[in-house]
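Down below is the structure, laid out as structure tokens.
Basis for what follows: all heavy atoms, side chains included, without hydrogens, waters or symmetry-related copies.
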Amino acid sequence: MPYDPSVIEPKWQKFWEDHRTFETPRTPGDRPKYYILDMFPYPSGAGLHVGHGEGYTATDILARWKRMCGYAVLHPMGWDAFGLPAERAAVREGIHPAIITKRNTDNFRRQIKRLGFSYDWSREVDTSHADYYRWTQWIFLRLHERGLAYRADVAVNWCPALGTVLANEEVSPEGTYKETGDPVERRLMKQWMLRITSYAERLVEDLELVDWPEPVKKMQREWIGRSEGAHIRFALEKGEGAIEVFTTRPDTLLGVTYCVVAPEHPLLARLTTPAQSASVQRYVEKTQRKSDRDRRADSKEKSGVFTGSSVIHPLTGAKIPVWTADYVIGSYGTGAVMAVPAHDQRDFEFAQAHSLPVVIVVRPEGRELSPPLDRAFEDDGVAVASGAYSGLKSEEFRRRVTADLTAAGRGEKKVSYALRDWLFSRQRYWGEPFPLVIDASGEAIPLPDDALPVELPHLEEFRPTDDGRPPLARATEWLRTEVPKTKAPAERETNTMPQWAGSCWYYLRFLDPKNDRMPFDPAVEKAWMPVDLYVGGVEHAVLHLLYARFWHKVLYDLGIVSTKEPFQRLFNQGMILAPSYQDAQGRYWHESAIETGPDGLRTTDGHLPVKSQVEKMSKSMLNVVSPDDVIAAHGADAMRLYEMFMGPLDATKPWQTSGIEGVYRFLQRGWRLMFTGDDDRLAEEVKDVAPEASARRFLARTVSGVTEDLKHLRFNTAIAKLMELVNELNQAPVRPLSTMRTFVLLVAPFAPHWAEEVWAKLGGKTTLAYEPWPTFDPADLVETEVELPICVNGKVKGRIMVGKTADEAQVVAKALADPNLLRILAGATPKKVIFVPNKMVNIVV
RNA sequence: GCUCACGUAGCCCAACGGCAGAGGCAGGGCACUUAAAAUGCCUUCAGUGUGGGUUCGAUUCCCACCGUGAGCACCA
């Protein structure tokens with residue numbers, strides 16, 4: 001039988017399933033553990049795409065390799081199954097989201113299984129099942145007990161198109177929902193919040209503990225936005241109280257020429273004088289109407305109005321006018337700033353626009369700064385015109401003035417974060433219900449643990465109610481309940497948790513997925529955590545990874561997890577793009593409708609000229625590659641190999657349908673190395689003999705190279721080395737059986753079905769999944785002789801063979817004796833000779 | 001606007017600062033075949049985006065610019 005993936009792949013998938021080949025014991029026992037995790041998918045209606053396949057293939061290769069290296073490998077898969085798309089499909093199709101979700105997860109499972117991944121399916125979890133979200137609710141109660149969950153009237157990101165609010169992290173800089181591009185507006189609503197800000201410091205600090213890509217750490221640091229500075233109080237000129245500002249530059253305190261409060265600032269009304277009342281009110285209203293997007297777009301012109309009031313400078317006692325302007329953000333710092341136009345570009349622009357004075361109080365070291373400035377000088381330097389502080393360097397100034405203000409009770413050192421609390425409720429049906437009730441007075445009362453799960457009631461209609469309440473308000477029976485202790489009437493919360501909730505802890509549930517007494521057994525947690533390698537797309541750099549880290553730290557504080565961080569090593573696979581074809585009208589054509597004409601690419605039908613470009617895969621661009629089609633044509637093993645062979649795992653790279661031919665041929669050639677004809681006859685060249693020295697060395701190099709590449713996730717070069725080995729063996733008159741066995745084991749993690757089948761044909765009695773990974777004799781890697789290039793002035797002019805241990809004198813003597821080199825040197829005396837052992841000789845004349 | 005990553009044959013991609021090519025696709029030739037496909041063998045193809053610098057020697061390190069991609073964007 002020739003190599004036929006459509007026969008052997010289902011056969012081995014069934015074998016693995018029947019024999020529970022990849023079920024993992026409850027704890028690793030005395031073997032070293034390796035927890036390798038994929039970011040579990042949201043099972044969309046579109047099915048698996050090749051981008052999923054890339055990450056899952058990479059982790060599967062590593063999982064299989066680690067098993068062969070003797071590790072206890074935990075490699076689970078599950079479904080992030082709550083979410084908006086299923087709910088929208090439910091409205092559209094009139095089918096319950098649970099049914100749609102089941103349909104989608106069934107399809108995903110089928111597609112994933114068809115790729116032959118070695119997941120332990122007995123640990124599968126689904127975040128939308130009550131036996132899972134029961135524990136999501138349980139964790140919420142722990143958050144609530146610790147004061148980390150609270151309800152507040154907050155200005156939220158309301159998305160009218162979706163009919164729900166969104167977290168800050170879900171809104172793009174343009175003021176749209178990141179997923180769909182629908183516009184988002186500001187609205188004041190009572191919402192559940194999680195106090196992630198109280199973990200801000202640790203979320204920054206503990207990034208030091210993990211082995212993550214630097215860009216991801218950077219994005220998290222920037223999102224958290226830690227900055228050190230001071231709070232300084234400017235007393236109101238009239239009446240009690242003060243404006244408190246946050247600044248990172250207390251050393252510019254003497255350069256303050258005005259203060260600004262945000263239009264949302266609580267003191268604004270008190271500050272506004274009757275004479276200014278009308279213009280301030282007009283300004284505030286104008287600002288409120290502006291979306292975030294407009295506010296940002298208008299950022300070039302610094303608008304604002306004078307309040308009519310002044311505050312007292314905490315050091316000089318001078319009167320400082322107070323303005324309100326929308327360039328100051330109400331929700332950051334204290335919502336008020338001291339403006340130093342000479343040393344802050346934004347303040348400078350505002351001062352220019354409104355003819356406010358500019359006072360220079362810092363000059364660059366070794367240089368004077370003279371007015372008028374054409375822009376702010378924002379660097380550190382030396383203080384000038386700052387009374388007793390004059391002459392101090394900025395750093396020293398900051399320390400001293402902060403201490404002085406503290407002593408005077410007018411300020412103190414302060415760290416500020418850009419991170420805001422996490423908006424944790426959504427006006428949706430298809431999410432986790434909150435485990436609490438709201439009594440007649442409007443107070444939220446948590447339910448006891450034994451009341452969990454609070455199950456989602458069945459609904460037929462998933463749109464918001466006519467009076468604008470969330471879909472759950474339609475479940476009138478479910479809604480009416482009582483306070484558990486007092487039996488007083490109460491209502492359930494009609495909001496649900498956001499999609500991120502379930503994915504915040506799924507990696508822990510995988511450890512003990514069937515446990516019905518607790519989320520997971522702490523003993524099991526200790527044995528497996530942390531996740532050793534977590535692979536997924538970089539799009540989750542801030543959202544999911546920040547939220548999960550936050551929950552994990554809360555669980556750590558509760559003493560139910562043993563590690564500070566959940567994911568020790570993170571790897572982001574690159575995006576896979578695909579060529580798309582567009583005619584002059586901008587219409588897209590599928591690759592199959594394109595041919596090469598005399599003047600370039602054109603459509604086969606009608607011969608319209610088209611241009612091709614490489615873009616993100618998308619339905620509308622007709623360039624989506626489906627794993628089902630690829631598998632049907634070339635099999636899962638070829639698909640796996642090609643996904644890895646395209647290029648480095650972290651690179652963005654284009655899918656080329658023709659590229660898969662190469663790896664498919666590799667599998668066929670590998671097969672034919674061992675078997676000929678239509679029966680299972682061994683090829684004549686395969687003999688049970690010991691390999692010759694040179695063949696042994698080649699194999700040792702391959703084993704060593706592939707092993708090294710696997711360590712560093714360099715799958716593309718590992719596969720290239722296996723191809724080299726096939727090319728080499730193909731030429732060889734004799735193919736020792738032991739060499740062929742080693743070859744098969746090396747291929748096994750990459751193309752497991754192929755490898756199992758060949759292994760069995762070569763006499764294997766059972767799966768090779770736990771066969772020891774091939775080793776080699778290091779002596780075989782040592783070359784006794786090497787060919788050295790001889791350079792003259794850096795250019796290669798010849799090459800000589802020398803012994804590996806030859807010293808400089810020997811090598812140079814041999815080089816200078818080379819007739820060709822003698823001719824090139826033409827009697828010139830070498831000025832200098834550079835000798836790099838085993839690398840090269842460079843003669844400089 | 002700011003930050004980061006990446007630019008190597010027609011294409012995808014390799015090369016501890018040391019011979020630019022490991023591998024694959026596509027192209028060409030030959031063999032097998034009545035023919036084609038498949039297969040096997042052989043083979044063409046770049047001097048590394050541009051301009052400087054460091055070095056005996058640069059695809060690799062540094063600077064500037066161009067191009068592509070990603071992230072951030074009044075955070076005081």
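Of the candidate nucleotides B:C13, B:G24, B:G18, B:G18 has the atom nearest to the side chain of A:N842. Of the candidates B:A76, B:A14, B:U39, B:A14 carries the atom nearest the A:N716 side chain, counting heavy atoms from C-beta on. Side chain of A:N727, nearest nucleotide from B:A14, B:A76, B:G23: B:G23. Taking every side-chain heavy atom of A:Q656 into account, B:C11 is the closest of B:A76, B:C11, B:A22. Among B:A76, B:A22, B:U39, the nucleotide with an atom closest to any side-chain atom of A:F246 is B:A76. Here the nucleotide nearest the side chain of A:T717, chosen from B:C56, B:A22, B:G40, is B:A22. In the set B:C74, B:A26, B:C72, the nucleotide with an atom closest to the side chain of A:R665 is B:A26. Which of B:A76, B:G24, B:C12 sits closest to the side chain of A:P654 comes down to B:C12. Proximity note for A:V337 (side chain, C-beta onward) versus B:A76, B:G23, B:C74: the nearest is B:A76.
Salt bridge status for A:E708 with A:K711: present, with a side-chain N to carboxylate O gap under 4.0 Å. Checked for salt-bridge contact, A:R398 and A:D380 meet the test: a charged N lies under 4.0 Å from a carboxylate O. A:E412 and A:K414 are not joined by a salt bridge, as no carboxylate oxygen comes within less than 4.0 angstrom of a charged side-chain nitrogen. One finds no salt bridge joining A:D344 and A:R249 here, because no Lys/Arg side-chain nitrogen approaches an Asp/Glu carboxylate oxygen to under 4.0 Å.
For B:C11 and B:U48, the P atoms lie 15 Å apart once the distance is rounded to whole Å. Taking atom C1' on both B:A5 and B:G57, the two are 28 Å apart, rounded to the nearest angstrom. Nucleotides B:U68 and B:A26 have their C1' atoms positioned 24 Å apart, rounded to a whole Å. Taking the C1' atom of each, B:U33 and B:G23 are spaced 30 Å apart, rounded to whole Å. For B:A37 and B:G27, the P atoms lie 11 Å apart once the distance is rounded to whole Å. Comparing the C1' positions of B:G28 and B:G67 gives an interatomic distance of 33 Å, to the nearest angstrom. Straight-line distance between the C1' atoms of B:G40 and B:C4: roughly 48 Å, to the nearest whole Å. Atom name P, nucleotides B:G69 and B:C12: the rounded distance is 14 Å, in whole Å.
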Applying ring pair (Phe, Tyr, Trp, His ring centres under 6.0 Å), run through A:F743 and A:W754 and close with a yes or a no.
CA-CA 12 Å; A:F743 166 62; A:W754 178 97; 5.8 Å; yes
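Among the heavy atoms of the strands, none lies under 4.0 Å from A:S416. At the heavy-atom level, A:E728 lies nowhere under 4.0 Å from the strands shown. Counting any heavy atom pair closer than 4.0 Å across all strands shown, A:D347 reaches no nucleic acid atom. Among the atoms of the strands shown, only primed sugar atoms or phosphate atoms (P, OP1, OP2) are found under 4.0 Å from some heavy atom of A:K218. Looking at heavy-atom distances under 4.0 Å, A:R701 makes no contact with the nucleic acid at all.
A close approach under 4.0 Å does not occur between any side-chain nitrogen or oxygen of A:R221 and OP1 or OP2 of B:C72. Between A:Y332 and B:A76 there is a side-chain polar atom (N or O) within less than 4.0 angstrom of OP1 or OP2. At least one side-chain nitrogen or oxygen of A:N730 sits closer than 4.0 Å to the OP1 or OP2 atom of B:C41. At B:G40, one or more side-chain N or O atoms of A:R669 fall inside 4.0 Å of OP1 or OP2 (strictly under the cut-off).
The distance between the ring centers of A:W212 and A:F571 does not fall below 6.0 angstrom. Ring centers of A:F645 and A:F715: at least 6.0 Å apart, outside the cut-off.
Regarding A:F666, its CZ atom lies at a distance of 20 Å from the P atom of B:C13, rounded to whole Å. If you measure from atom CH2 of A:W223 to atom P of B:C72, you get 7 Å, rounded to the nearest angstrom. Rounding to whole angstrom units, CD1 of residue A:I576 and C1' of B:C12 are separated by 12 Å. Atom-to-atom, NE2 of A:H343 to C1' of B:A76 comes out at 15 Å; the value is rounded to the nearest Å. As a whole-Å value, the separation of A:H634 NE2 from B:G24 C1' is 14 Å. Atom pair A:K653:NZ and B:A70:C1' shows a separation of 14 Å (rounding to whole Å applied). Between the CD atom of A:E661 and the C1' atom of B:C25 there is a distance of 9 Å, rounded to whole Å. Atom CD in A:E724 sits roughly 5 Å away from atom C1' in B:A22 (whole-Å rounding).
For B:U39, the paired nucleotide is B:A31, the pair qualifying as Watson-Crick or G-U wobble because both relevant distances are below 3.5 Å. A 3.5 Å limit on both hydrogen-bonding distances identifies no Watson-Crick or G-U partner for B:G57. Taking a pair to require two hydrogen-bonding distances under 3.5 Å in either a Watson-Crick or a G-U wobble arrangement, B:C25 pairs with B:G10. Both distances falling under 3.5 Å, in either a Watson-Crick or a G-U wobble arrangement, place B:A64 opposite B:U50. Pair assignment for B:A70: B:U3, on the basis of Watson-Crick or G-U wobble contacts that are both within less than 3.5 Å.
With 3.5 Å as the limit, one finds a donor-acceptor pair spanning the side chains of A:Y283 and A:S303.
B:G67: glycosidic angle beyond 90° from 0, hence anti.
Within the 3.5 Å criterion, the main-chain N or O of A:M639 finds no donor-acceptor partner in the side chain of A:Y664.
Each of A:F645 and A:Q731 was matched to the nucleotide of RNA chain B holding its nearest heavy atom; the match closer to the 5' end belongs to A:F645. Summary of the strand contacts: A:A720 and A:R714 both lie near RNA chain B, and taking for each the nucleotide with the nearest heavy atom, the more 5' one is attributed to A:R714.
The base of B:C74 lies close enough to the side chain of A:K302 for a donor and an acceptor atom to sit less than 3.5 Å apart.
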